[in-house]
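Have a look at this one.
We're numbering straight along the sequence, starting at 1. Any value given below was found using the heavy atoms of this structure, including those in side chains, with hydrogens, waters and symmetry copies removed.
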Amino acid sequence: MPHTSRFLLWTAILATLYVGLLLGVSFLATPVKFLAPSLTLPVALDVGRQTFMVFNIAELVCALTLLVLAFLATDRRSRVLAGSVLLLVFIQTVWLLPVLDARVEIILRGDAPPPSQLHTLYIAMDVVKSGLLVAVAAWGFRKHNQSLESSGP
């Protein structure tokens with residue numbers, strides 16, 4: 001198995017695991033907590049804030065590792081896709097999460113923040129990230145398999 005192909009395989013595997021984490025946290029665990037009748041909105045928001053703070057660290061590690069693997073694979077498409085994932089995580093980290101955290105603080109103080117579409121933006125960014133990760137995984141597995149087929153038995 002060529003060196004590049006091995007890195008493409010690891011890129012694809014990490015992207016698959018990462019998209020699973022993203023779907024589990026952002027699209028399953030987060031909305032489900034709001035269905036618990038005994039959980040008040042401030043408590044649910046505080047739990048969500050803590051969850052996303054920890055998950056953001058995991059995302060930064062995954063996105064950076066994904067980009068490093070894509071560069072080691074010397075595959076331009078993987079680098080562009082992985083770089084796009086990292087860019088979205090960076091925007092969420094330095095801008096969106098702090099702004100959403102400030103809104104949660106307002107609610108926890110008992111006040112109501114002005115209406116905002118920031119949560120919708122965060123969800124949209126996670127949808128795009130999910131698509132990019134699926135693309136990274138599909139491309140990596142495809143190129144890895146092509147490499148195996150061309151190298152023969």
Closest non-hydrogen atom pair between P115 and R103, with its separation: C-NH2, 4.3 Å

Checking the side chain of T30 only, and the main-chain atoms of F27 only, is there a donor and an acceptor separated by less than 3.5 Å? no

Mind running side chain to side chain contact (heavy atoms under 4.5 Å, CB included) on H144 and T11 for me, showing each step along the way? CA-CA 10 Å; H144 172 72; T11 302; over 6 Å; no

Nearest-0.5 Å distance, CG of residue L41 to CG of residue D46: 11.0 Å

Any side-chain heavy atom of W139 sitting closer than 4.5 Å to one from D75? yes

For residues L81 and L66, determine if any side-chain heavy atom of one lies less than 4.5 Å from a side-chain heavy atom of the other. no

Atom pair CG/NZ of L45 and K33 - distance to nearest 0.5 Å: 7.5 Å

Going by heavy atoms in the side chains, are S78 and F7 under 4.5 Å from each other? no

Starting at CG of L9, measure out to CG of L14 and round the result to the nearest 0.5 Å. 11.5 Å

Pick one: which of L87, V19, L88 meets side-chain contact (heavy atoms from CB on, under 4.5 Å) with L132? L88

Please find the pair of heavy atoms, one from A15 and one from L133, that lie closest to each other, and give the distance. CB-O, 3.5 Å

Are R77 and K143 side-chain neighbours, meaning at least one heavy-atom pair lies under 4.5 Å? no

Run the ring pair (Phe, Tyr, Trp, His ring centres under 6.0 Å) test against F52 and tell me which residues pass, sequence neighbours left out. Y122

Can you get from I57 to V104 by hopping between Ile, Leu, Val, Met, Phe, Trp and Tyr side chains that sit under 4.5 Å apart? no

Are D126 and K129 packed together at the side-chain level, in the sense that at least one heavy-atom pair is separated by less than 4.5 angstrom? yes

Between N145 (side chain only) and F141 (backbone N and O only), is there a donor and an acceptor less than 3.5 Å apart? yes

